[in-house]
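Here's the structure we're looking at; comments come further down.
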Amino acid sequence: MQLVIRNGTVIDGTGGPARTADVAIDEGVIVEVGRVEGRGAQEIDADGALVTPGFVDIHTHYDGQAVWDERLQPSSLHGVTTVVMTNCGVGFAPVRPQDRDRLVELMEGVEDIPGTAIHEGLTWEWESFGEYLDALERGRGHDIDFAAQVPHGPLRLYVMGDRGGRGDEATPDEIAEMGRLAAEAVDAGALGFTTSRTRNHRTVKGEPTPTLKAPRTELVGIAQALGHLGKGVLQVVSDFLDVDDEFGTVRAMAEESGRPISISLTQVPFAPEQYKALLDNITAANEAGVEVRAQVAPRAVGLLLGLQASMNPFLGNPAYMEIAALPLAERVAAMRSPERRAAILAAAEGHNGIFGFERIFDLGDPPNYEPAAEDSIAARAARVGRTPQEFAYDLVLGDDGRALLYTPFLNYAGGNLDAARELLAHPYTVPGLGDGGAHVGTICDASFVTTLLTHWGRDRKDGRFPLEYLVQQHCRDTARTVGLNDRGVLAPGYRADVNVIDFDNLRLSPPEIHHDLPAGGRRLLQPVSGYKHTVVAGVETYRDGEATGALPGRLIRGAQATPAR
């Protein structure tokens, strides 16, 4: 046997009760769960620890990073062993040489990945989506498995040229060609087709995503092409400003194609009850035999503010902007001078920060992702007789300018995570939206999976879920949502992706800025302790948070069948 994990508390991903058992692995698959006789070539003592399947994160954006980096971090630091990328209709194939810059501008604007890093890191040895997959497959090894989807934005630009980039309406022939190419991509190994219909998604130049106003006929036409092929999933992100009409498009895509679809769903501050109507629509669709799932977040989608981040409370302040381009140490020194402090605070007087100081919090260590109103900068400043601008000024200078503030945006209209809990509890939702590989200077939500376990399985005072439910949700259920039926369960025949977790001591640290992207680009990574061992295809990839050097991860081409039981 390749590996035996002994005496752990096994939570197998099916939702069944935890039990003490061994897990035996050979040739990259699980061969036995129970009392295992005989020795493995490697043995792991899991006594006192949880043993779970590797987590499956179906909403990431490692499309560029998978080309230039063997480690798909931050996700792989948090027990994730499989990621699905190319969500939200953005990606790098298909592409004509003259359109490469436009795809970079779209990715940089939508997903906050530095264009300089993308330009330096991509090899552009492809035109078709199949050629992109080939390039990923023959490139470097990886620490985890990854799968790609065909994105609507590049597809539209490839077929329609400038008209597609501007968002013009497609002709019937152009819709048919987009469908043909989408089906060709899925046949080559893409998991499915993704699109974006949100006004928040813009190019770095401020232009709307090319897919924003694509009519229902176009989306249904592309979906039908996958239906004729008989495989592939669909993914949509939308503002749902008109819930009935927009969900009607989502449902039509699934109904007319017979393919499963998932949507991104959060509580939005401008319409805090909207998610309930969408949940009702999702339930009705499933009861009618139309497979729709919502990808939901286990905490608020929040922005990180700091001197190293893309945003801070004084961004745009004229006295701050005079020094904004200085290296961090020089900027911190300048801000500590009484003269510069007085100038910045004078210019900030009467300004309530980017989002309002009553909605900005000190992130803390460990991070507090469910802060109370009395913890806000505005409230804390008032208690000590200071202005919120002064209070925030001192906070951002903490840790020599590396301190981070936090403003929860989505899933926080009520000042708590009750809406997130309702979303997690729904029978037709799965955890997602971690966006690993994206928003590298503003958001670090690839740690969602760790929050799911610690906050909802251990630390919250009320409203916790059984660990068996949480593991099932982020292992088997996420995998099945995108057709990866060979993983997410600890049972014979399943892929041997496993975590051994010191659950009592599982703990997040605050995110940190690293300048390790191509061209020296910055990104946020979030340290974590408590993941004792992470195993991919039977090979240990991380031990106590440190990489072992093994790179067994691979590109997944297409849906994977359920193992015989």
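- Counting only heavy atoms from C-beta outward, the side chains of Q267 and Q274 never approach each other to under 4.5 Å.
- Closest of all the heavy-atom pairs between I344 and N317 is O-ND2, 2.9 Å.
- Salt-bridge formation is detected for the pair D245/R216: a Lys NZ or Arg NE/NH1/NH2 atom is positioned less than 4.0 Å from an Asp or Glu carboxylate oxygen.
- In this structure, CG on L103 lies 11.0 Å from CG on D63, to the nearest 0.5 angstrom.
- Side-chain atoms of V104 and V204, non-hydrogen and from C-beta on, never get closer than 4.5 Å to each other.
- Using modelled atom types, no side-chain atom of N312 and backbone atom of A309 make a donor-acceptor pair closer than 3.5 Å.
- With values rounded to the nearest 0.5 angstrom, F409 atom CZ is found 8.5 Å from T407 atom OG1.
- With rounding to the nearest 0.5 angstrom, the CG atom of D445 is 7.0 Å from the CG atom of D435.
- Atom CG in L72 sits 10.5 Å away from atom CG in L77 (nearest 0.5 Å).
- A 4.5 Å side-chain heavy-atom check between L191 and L484 finds at least one atom pair inside the cut-off.
- Although no hydrogens or angles enter the test, the distance criterion places a donor-acceptor pair under 3.5 Å between the side chain of N281 and the main chain of A277.
- Salt-bridge annotation for R166 and E207: absent, with no side-chain N of the basic residue lying under 4.0 Å from a carboxylate O of the acidic one.
- Counting only N and O atoms by type, the side chains of T198 and D239 include a donor and acceptor under 3.5 Å apart.
- Ion pair R156/E218 flagged as a salt bridge, since at least one NZ, NE, NH1 or NH2 atom sits closer than 4.0 Å to an Asp/Glu carboxylate oxygen.
- Checking each of E370, R464, R421 against H455 for a side-chain hydrogen bond (donor to acceptor under 3.5 Å, both in side chains) leaves exactly one that passes, namely E370.
- Using modelled atom types and a 3.5 Å distance limit, the side chains of S264 and Q295 yield no donor-acceptor pair.
- Two rings, from F240 and Y275, have their centers 6.0 Å or more apart.
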Query - Verdict with reasoning, V233 to I261, per side chain to side chain contact (heavy atoms under 4.5 Å, CB included) - result: CA-CA 6 Å; V233 298; I261 195 167; over 6 Å; no
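- Electrostatic pairing of K213 and D168 does not count as a salt bridge here, judged by no charged N lying under 4.0 Å from a carboxylate O.
- Checked for salt-bridge contact, R476 and D12 miss the test: no charged N lies under 4.0 Å from a carboxylate O.
- There is no side-chain donor-acceptor pair under 3.5 Å between R507 and T450.
- For the pair I501/L453, a side-chain contact is recorded, criterion being any heavy-atom separation below 4.5 Å from C-beta on.
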Query raised in the report: Passes side chain to side chain donor-acceptor pair (under 3.5 Å), T534 versus N499? Steps please.
Result: CA-CA 5 Å; T534 296; N499 282 309; 2.9 Å; yes
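- Proximity of a side-chain donor or acceptor of S376 to a complementary backbone N or O of F361 within less than 3.5 Å is not detected.
- Counted by atom type alone, T86 and Y62 present zero donor-acceptor pairs between their side chains at under 3.5 Å.
- We find that R460 and D462 are joined by a salt bridge, their nearest charged nitrogen and carboxylate oxygen being less than 4.0 Å apart.
- Taking a cutoff of 4.0 Å between a charged side-chain nitrogen and a carboxylate oxygen, K205 and E105 qualify as a salt bridge.
- Listed for the N505 side chain is no donor-acceptor partner under 3.5 Å among the backbone atoms of G530.
- Considering all non-hydrogen atoms of both residues, P154 and G91 come closest at CG-O, 3.4 Å.
- Between the CZ atom in R293 and the CD atom in Q235 there is a gap of 15.0 Å [rounded to 0.5 Å].
- Taking 4.5 Å as the limit, some side-chain heavy atom of F55 sits within range of a side-chain heavy atom of H474.
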Requested in this report: Assess whether ring pair (Phe, Tyr, Trp, His ring centres under 6.0 Å) is satisfied between F391 and F357, documenting all intermediate values.
Outcome: CA-CA 10 Å; F391 205 87; F357 286 112; 9.8 Å; no
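- No side-chain heavy atom of L524 sits less than 4.5 Å from a side-chain heavy atom of E512.
- Classification of the Y320-F314 ring pair by plane angle, with boundaries at 30° and 60°, yields tilted.
- Without hydrogens or angle criteria, N411 side chain to A420 main chain gives no donor-acceptor distance under 3.5 Å.
- Nearest heavy atom pair, residue L234 against residue A223, reads CD1-CB, 3.8 Å.
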Report task. Carefully, step by step, assess R331 and L307 under the rule side chain to side chain contact (heavy atoms under 4.5 Å, CB included). Result -> CA-CA 9 Å; R331 205 170 353 135; L307 298 183; 3.7 Å; yes
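- The aromatic ring centroids of F193 and H152 lie less than 6.0 Å from each other.
- At a threshold of 4.5 Å between non-hydrogen side-chain atoms, the residues T195 and L219 count as touching.
- Residues L265 and I282 meet the side-chain proximity criterion, which asks for heavy atoms closer than 4.5 Å.
- Residues Y393 and M335 approach most closely at OH-O, 2.6 Å, considering heavy atoms.
- Between the side chain of T211 and the backbone N or O of S196, at least one donor-acceptor pair lies under 3.5 Å.
- Across R197, H61, M107, a single residue satisfies side-chain contact (heavy atoms from CB on, under 4.5 Å) together with C88, and that is H61.
- Of all heavy-atom pairs between V186 and G192, the closest is CG2-CA, 4.0 Å.
- Here the OG atom belonging to S262 is positioned 10.0 Å from the CD atom belonging to E291, to the nearest 0.5 angstrom.
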Report task. Take R487 and T82 through the test side chain to side chain donor-acceptor pair (under 3.5 Å) and record every step on the way to the result. Result -> CA-CA 9 Å; R487 62 197 64 210; T82 301; 2.9 Å; yes
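- The minimum heavy-atom distance linking G436 with S75 is given by the pair CA-OG, 4.1 Å.
- Using modelled atom types, one side-chain atom of Q526 and one backbone atom of S509 make a donor-acceptor pair closer than 3.5 Å.
- The backbone N or O of Q308 lies less than 3.5 Å from a partner atom in the side chain of R522, making a donor-acceptor pair.
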Query raised in the report: Where do D362 and R380 land on the side chain to side chain contact (heavy atoms under 4.5 Å, CB included) test, with the steps shown first?
Result: CA-CA 10 Å; D362 185 8; R380 292 174 64 191; 3.5 Å; yes
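- Across T451, L508, D57, a single residue satisfies side-chain contact (heavy atoms from CB on, under 4.5 Å) together with H78, and that is L508.
- A donor-acceptor pair is defined here as one N or O able to donate and one able to accept, closer than 3.5 Å; such a pair exists between the side chain of T194 and the backbone of G89.
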Requested in this report: Could you give me the CA-CA distance, side-chain angles and deciding distance for I113 and Q65, then say whether side chain to side chain contact (heavy atoms under 4.5 Å, CB included) is met?
Outcome: CA-CA 10 Å; I113 303 171; Q65 190 173 330; over 6 Å; no
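- With respect to R299 and D459, no salt bridge is recorded, no charged nitrogen being found less than 4.0 Å from a carboxylate O.
- Using a 3.5 Å distance cut-off with no hydrogens or angles, the side chains of E246 and T249 do not pair a donor with an acceptor.
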